[in-house]
Structures are given as C-alpha cells and as structure tokens.
Asks: 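Got a structure here, written out as structure tokens. Questions coming.
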Amino acid sequence: MDLRNIAIIAHVDHGKTTLVDELLKQSGTFRENQATTERAMDSNDIERERGITILAKCTSVEHGATRINIVDTPGHADFGGEVERILNMVDGVVLLVDAAEGPMPQTKFVTSKALALGLRPIVVLNKVDKPDAEPDRALNEVFDLFANLGADDDQLDFPHLYASGRSGWADAELDGPRENLDALFDLIVRHVPAPRQIADADKPFRMLATTLSADPFIGRILTGRVESGTLKVGETIKALSRKGERIEQFRVTKILAFRGLGQQPIDEAQAGDIVTLAGMTKATVADTLCDVSIDVPLPAQPIDPPTISVTFGINDSPLAGKDGNKVQSRVIRERLMKEAESNVAIKIEDTPGGEAFVVSGRGELQMGVLIENMRREGFELSISRPRVIFREENGQRMEPVEEVIVDVDDEYSGVVIEKLTGQRKGDLVEMKPAGAGKTRIVAHVPSRGLIGYHGQFLTDTRGTGVLNRIFHGWTPHKGPIDGRHVGVLISMENGVSVAYALWNLEDRGKLFIGAQEQVYEGMIIGEHSRDNDLEVNPLKGKKLTNVRASGTDEAVRLTPPVRMSLEEAIAYVQDDELVEVTPKIVRLRKRFLDPHERKRQARAG
C-alpha cells in the first residue's frame with residue numbers, strides 16, 4: 001500500500017485526541033456495532049483522569065489505497081522529550097489550533113521543532129462551531145507564529161481546513177457541507193510526501209529507536225521508523241550507540257506493525273514503515289538498530305536539557321511502611337533507572353549517602369506524573385522542593401526563563417502583572433485585550449518564580465484565569481526571589497488528632513488534617529497565619545469535670561481541612577520541608593535532623 005507518516009500536534013485541550021477518535025471511526029477501523037471508549041488513544045489511567053496526553057502513541061488508518069500512520073503527541077511542554085523523538089519518525093504534521101484560543105505556548109514549542117526538521121504542516125482550525133470561535137484571527141496568528149519561528153516559503157504556504165473534531169467533519173471552506181473528514185484524509189495524501197526511505201529499500205537495514213517499552217510476553221521492545229532496507233523475522237542485527245559503539249548483536253524474534261489501535265505481527269518490515277522490534281536485551285532509545293555490516297549510527301535528535309531537579313528519598317517517617325510495600329532505596333533506584341531508560345528527558349544522579357536520588361526533568365507536571373505512577377505501584381517516597389538547574393556561561397550564572405501566557409478577566413490583570421513582574425522578577429512582553437472582557441498577558445518569568453505560583457494564581461483570579469508556560473531560554477541570574485510568606489503548624493506529639501484540639505487551632509491558621517487522623521512529631525498539620533513556624537499539640541483533649549452549664553459546652557464544628565494535590569504539595573514545601581508520598585496519602589513534614597544537628601542549630605540561633 002501507499003504510505004504516509006504524520007504527527008498530530010496541538011496545545012493541551014485543543015482536541016487532537018478526539019480528532020484521532022473520529023479518524024479511526026471514519027476509516028473503518030472500528031466495526032459498526034463495536035463498543036469504543038472516548039479518547040481511545042489516552043490509554044494511560046492518569047491521561048484519562050487529567051484529560052491530557054502524556055505518552056506519544058502510534059495508530060494506523062487506511063484511506064483508499066493509502067495507509068496513514070498517525071502519531072498522537074503530548075501537548076504539554078513538560079513531556080516535550082516525547083515530542084522531539086517522534087517527530088523524527090514522520091514526514092508531515094497536522095497542526096490543530098482552537099479557533100477561539102488561537103496558537104498557544106505548547107503549539108509554539110512543538111511547531112518550532114517540526115519546522116526545524118523541515119516538515120511542511122497542515123493547519124486544522126478546530127472547534128469552529130463554538131460561539132466564540134474566530135477562525136480568521138486564529139489563522140492569521142498561525143501565519144505570524146510560523147514567520148516568527150523562521151519558517152521557509154514552502155512552510156508558510158500551508159493548506160488549512162476548518163473542522164469540528166467532536167462532530168467529525170473537516171472542510172476546506174467555513175460554510176462547507178460539514179459531513180465527514182474526507183477533506184482531511186485527501187489533503188494528507190496529497191500534501192504529505194511518501195517516506196523518502198522507500199527509495200532506499202535495496203540498502204542494508206537501519207532503524208533509529210525512538211520509544212522503548214516492555215511487553216509481558218515478548219520482553220523489551222523498541223519502536224522506530226525503518227530508514228533503509230527491509231528486515232525479516234529471525235534475521236540477526238546489531239545495536240550501535242550514538243557514538244558508534246557496538247552494544248549487542250541479537251536475533252529479531254518479532255516484528256509488530258500498527259494496525260488501528262493495536263499491533264499485529266508481520267513477517268517483514270519495509271523501508272519507511274513505523275514498526276516495533278523484539279529480541280534485544282540492552283538496546284535503548286536513540287540507539288541505531290542495523291545490519292551487521294554497518295558501523296556508522298544514525299544521527300539522533302538532541303533533547304533539550306532539564307530545567308528543574310527534585311530529590312527522591314526513602315520515607316523515614318514514623319508511619320513508613322504502613323501503606324506501601326516498596327520502601328527500600330535499592331528498589332526506588334531500580335525504578336528510577338528504568339524510567340530514565342525509556343524517558344530520555346529525565347536524568348538520575350545518586351547523592352553521596354546513597355539514600356536519595358536527584359531526578360532532573362522538564363517541569364513540575366512531569367515530576368508529579370512520575371511520582372503519581374510510583375505511588376500507584378506501591379512505592380513510599382519523601383520528595384524535596386523542586387530546585388531550578390543553573391548553568392555557567394562565560395563565567396556568568398544563568399537561569400532558565402519561561403514564557404508565560406495568561407488569559408484573565410480584565411479586573412484581575414493588575415494583580416497578575418504585579419505578582420509576575422514585581423514579586424517574581426518577570427518581564428512583561430505583551431498585554432492586549434482578548435475579547436469577552438478578558439486580557440491576554442505575555443511575560444518572561446524565571447522558572448524559580450513560577451514554582452508554587454499556580455495555586456496563588458487561581459486564588460488571585462478567583463479560579464477564572466488560565467495560565468500556560470513554556471521554556472523560553474536562559475538569562476543572567478536575577479537575584480533572590482521571595483518564597484512562601486507564611487509559616488506552618490507543626491505537630492509536637494505522636495498519636496491520633498482530636499477534634500477539640502484542632503478546633504482551638506483554627507484561629508492559628510488553615511489546617512491540612514481533620515479529626516481522627518494519624519500524626520507524628522514533626523508533621524506539618526496546617527499553615528500558620530504568621531510568618532513563623534509554630535509547634536502545636538493536635539492531641540490535646542478537653543479537660544472533663546462534673547460541672548455542666550448552658551453555653552459553656554459548645555459543639556465542636558471543624559472547618560473542612562485543605563487537601564492538597566500532589567503537585568500542590570510539592571510546590572508548597574520549603575527547602576527544610578519534605579512531601580511524604582504513600583499509595584494512600586500525601587503528607588507534609590519537616591526534615592528530620594539527627595540529635596547532634598539539632599543541638600548545633602539550637603546553639604546557632
């Protein structure tokens with residue numbers, strides 16, 4: 001069959017996974033009566049819960065005599081490592097843009113990668129049937145974006161369609177028939193070139209591994225696009241590292257091709273096709289799988305460096321081991337190394353004592369998803385506050401800066417600008433009306449200043465603001481940035497919290513726990529209303545007497561406690577605090593010090 005390889009790229013929640021659902025349905029991948037799930041490509045539990053795409057996934061549809069391999073890409077910049085790798089496997093991209101919002105930060109991030117590779121995009125203006133859609137404005141903004149990113153003349157002369165992924169139609173004209181997605185299928189076949197590798201079918205086999213996973217039945221598997229030649233099951237090939245060093249030689253036990261949502265075994269892999277190979281034991285992402293006669297590896301796309309780091313340690317609290325069954329540092333290290341092998345955007349380093357590990361990645365969301373996956377697997381961890389990674393350039397200390405795009409109601413724009421540019425050392429780039437009583441603010445803010453800001457942003461905008469951020473570049477260090485301005489309430493006892501004690505503590509600040517919850521000495525149970533930490537006793541019960549009087553025995557009515565999500569807790573803690581994560585609960589606590597360190601600090605002040 002004729003072959004096309006494309007990637008669908010878009011900002012978070014612009015509808016690309018929903019559009020892929022419709023492409024699968026209208027291509028005949030599903031039977032008429034087959035039960036299907038919404039957002040079928042979001043197969044991961046966390047992806048379904050959060051409504052975001054985290055892992056790049058392939059699927060395949062047939063349109064007439066053409067097979068179209070489609071890669072659904074993550075929209076969030078924290079998972080950009082996935083995007084950069086899979087763009088090497090495709091020959092064209094479909095850029096999906098919300099007709100109301102226009103191109104957003106993650107659109108810019110992924111599009112810049114695609115344009116740099118020379119890919120010619122197809123622009124689909126999605127959700128044009130929304131009441132606030134402005135497709136003409138969105139189209140002009142896409143053109144401006146391409147021009148700013150250095151697109152060449154061919155890339156600027158892009159075709160575009162108007163569509164509604166949820167309704168399942170795409171047309172070349174805004175007032176078209178709105179019946180199906182045939183216009184999109186036909187445009188992909190016409191505009192996207194066939195894989196150039198097909199011309200190299202007679203050369204020796206070569207393939208660059210782009211994603212790594214494991215199958216419970218066939219073991220380690222690597223996915224990539226065949227760059228040249230053909231490969232049959234049972235043939236012997238070798239793996240080369242990026243530097244050309246031989247890693248291993250192995251026999252291919254299975255070749256899988258994408259067919260619909262699943263994969264099917266095939267006898268022979270053809271040049272240009274996206275396939276999965278099994279049989280290796282050591283080869284990993286960015287390695288070249290090739291014929292035994294080849295000694296030069298394929299060039300691997302460089303990955304942007306990590307910008308933040310988090311320390312993962314063992315859970316050494318008094319309640320350790322009660323919820324999870326994986327608590328040893330050795331087991332935690334094995335799991336982190338396994339993650340780093342398949343996710344090239346993160347790096348793992350051991351600390352001197354060997355009890356903790358520094359995990360470097362793209363952002364808080366990426367770290368949060370990794371921790372959430374580990375806690376669901378039964379791990380117990382203690383997590384430090386995220387720290388920004390600095391670097392030296394010409395003897396000057398540089399720090400990462402992010403581009404922040406904020407859409408807020410006009411009345412809240414002042415407080416947002418003051419927080420971003422005043423307290424957090426950001427630079428205001430642009431401010432313009434976004435229609436419907438909203439203002440769009442663009443600022444360049446140090447990554448340090450954005451750690452923990454999202455919760456405060458939602459409070460400042462009464463939950464109505466939308467904040468998007470993306471790595472922008474490096475800038476000279478901007479000096480100290482104020483952190484949290486309030487202290488915390490720390491338990492001074494071990495036991496079970498008492499409602500009467502918590503009721504008396506409510507005047508001191510917001511509580512993070514309710515009655516009848518297990519607490520221990522050093523655990524953070526609330527936020528102090530002042531700027532200092534305060535040790536309190538949440539176990540103190542009411543002294544009972546045999547005297548009763550009307551009005552003195554008040555009923556205890558507690559304010560519901562503040563329950564933080566995992567990401568909120570990680571962003572909330574200070575340098576001397578930790579987040580305790582177990583399969584059942586997220587707690588905050590002070591770092592435990594040995595007795596000698598405590599005495600030294602007490603003497604010092």
Side-chain angles (χ1 to χ4, degrees), residues 2 4-30 32 36 38-41 59-73 75 90-104 107 110-111 114 119-146 151 154-194 435:
D2 204 7
R4 298 290 185 275
N5 296 323
I6 65 162
I8 296 189
I9 57 179
H11 183 77
V12 176
D13 203 32
H14 277 203
K16 63 182 179 303
T17 309
T18 304
L19 180 68
V20 173
D21 281 359
E22 288 299 320
L23 290 171
L24 288 165
K25 289 175 186 174
Q26 295 190 25
S27 65
T29 302
F30 300 133
E32 285 284 329
T36 60
E38 188 180 11
R39 302 197 319 275
M41 292 291 281
T59 186
S60 173
V61 299
E62 292 182 11
H63 179 66
T66 305
R67 172 173 292 118
I68 304 172
N69 288 325
I70 302 172
V71 183
D72 185 20
T73 65
V90 300
D91 304 291
V93 292
V94 175
L95 174 61
L96 204 65
V97 178
D98 189 304
E101 294 184 358
M104 295 292 280
T107 313
V110 185
T111 305
L119 301 176
R120 294 173 60 210
I122 295 171
V123 174
V124 177
L125 299 166
N126 196 26
K127 304 184 183 182
V128 295
D129 50 356
K130 287 171 62 177
D132 58 344
E134 297 181 64
D136 292 337
R137 174 185 60 80
L139 186 61
N140 290 334
E141 289 180 356
V142 171
F143 184 88
D144 293 342
L145 172 66
F146 284 9
D154 286 341
Q155 292 170 328
L156 286 172
D157 188 23
F158 57 85
H160 68 275
L161 297 173
Y162 302 95
S164 171
R166 184 171 288 279
S167 302
W169 59 264
D171 292 313
E173 303 295 334
L174 187 56
D175 53 355
R178 301 192 174 189
E179 294 175 351
N180 52 42
L181 292 170
D182 284 352
L184 178 57
F185 281 119
D186 294 339
L187 184 56
I188 290 171
V189 174
R190 287 198 318 270
H191 185 74
V192 177

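Because the structure is a prediction, the values reported are computed rather than measured.
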Asks: Any pair with a residue in residues 171-185 that passes salt bridge (charged side-chain N to carboxylate O under 4.0 Å, His left out), sequence neighbours left out, goes on the list, sorted by first then second residue, please.
Replies: none

Asks: Out of curiosity, H160 NE2 to L174 CG, how far, rounded to the nearest 0.5 Å?
Replies: 9.0 Å

Asks: Measure the CD1-CG distance between I188 and D91 for me, rounded to the nearest 0.5 Å.
Replies: 12.5 Å

Asks: Tell me, do V94 and I70 make a side-chain contact under 4.5 Å, heavy atoms counted?
Replies: no

Asks: Considering residues at least two apart in sequence or located in another chain, which fulfil the side chain to side chain donor-acceptor pair (under 3.5 Å) criterion with D186?
Replies: H63

Asks: Give me the atom names and distance for the closest heavy-atom approach of P103 to A138.
Replies: CD-O, 4.1 Å

Asks: For residues F158 and L95, determine if any side-chain heavy atom of one lies less than 4.5 Å from a side-chain heavy atom of the other.
Replies: no

Asks: Could you tell me which residues satisfy side-chain contact (heavy atoms from CB on, under 4.5 Å) with Q155, sequence neighbours excluded, listed by chain and number?
Replies: L115, R120, P121, A151, D152

Asks: Please give me the minimum heavy-atom distance between A170 and L161, naming the atom from each residue.
Replies: CB-CD1, 4.5 Å

Asks: Can you list the steps and then say if I122 with V192 is a side chain to side chain contact (heavy atoms under 4.5 Å, CB included)?
Replies: CA-CA 9 Å; I122 295 171; V192 177; 4.2 Å; yes

Asks: With heavy-atom distances below 4.5 Å as the criterion, would you say the side chains of L23 and I8 are in contact?
Replies: yes

Asks: Tell me if a side-chain donor or acceptor on R4 pairs with a main-chain N or O of I68 at a distance below 3.5 Å.
Replies: no

Asks: Answer yes or no: is there a side-chain heavy-atom contact under 4.5 Å between L19 and L181?
Replies: yes

Asks: If I compare all heavy atoms of L24 with all of S60, which pair ends up nearest, and what's the gap?
Replies: CD2-O, 4.4 Å

Asks: For residues D132 and E134, determine if any side-chain heavy atom of one lies less than 4.5 Å from a side-chain heavy atom of the other.
Replies: no

Asks: Is R137 close to N140 at the side-chain level, that is, under 4.5 Å between some pair of heavy atoms?
Replies: no

Asks: Any side-chain heavy-atom pair from K130 and D98 closer than 4.5 angstrom?
Replies: yes

Asks: Donor-acceptor check, side chain of N126 to backbone of G165, threshold 3.5 angstrom: yes or no?
Replies: yes

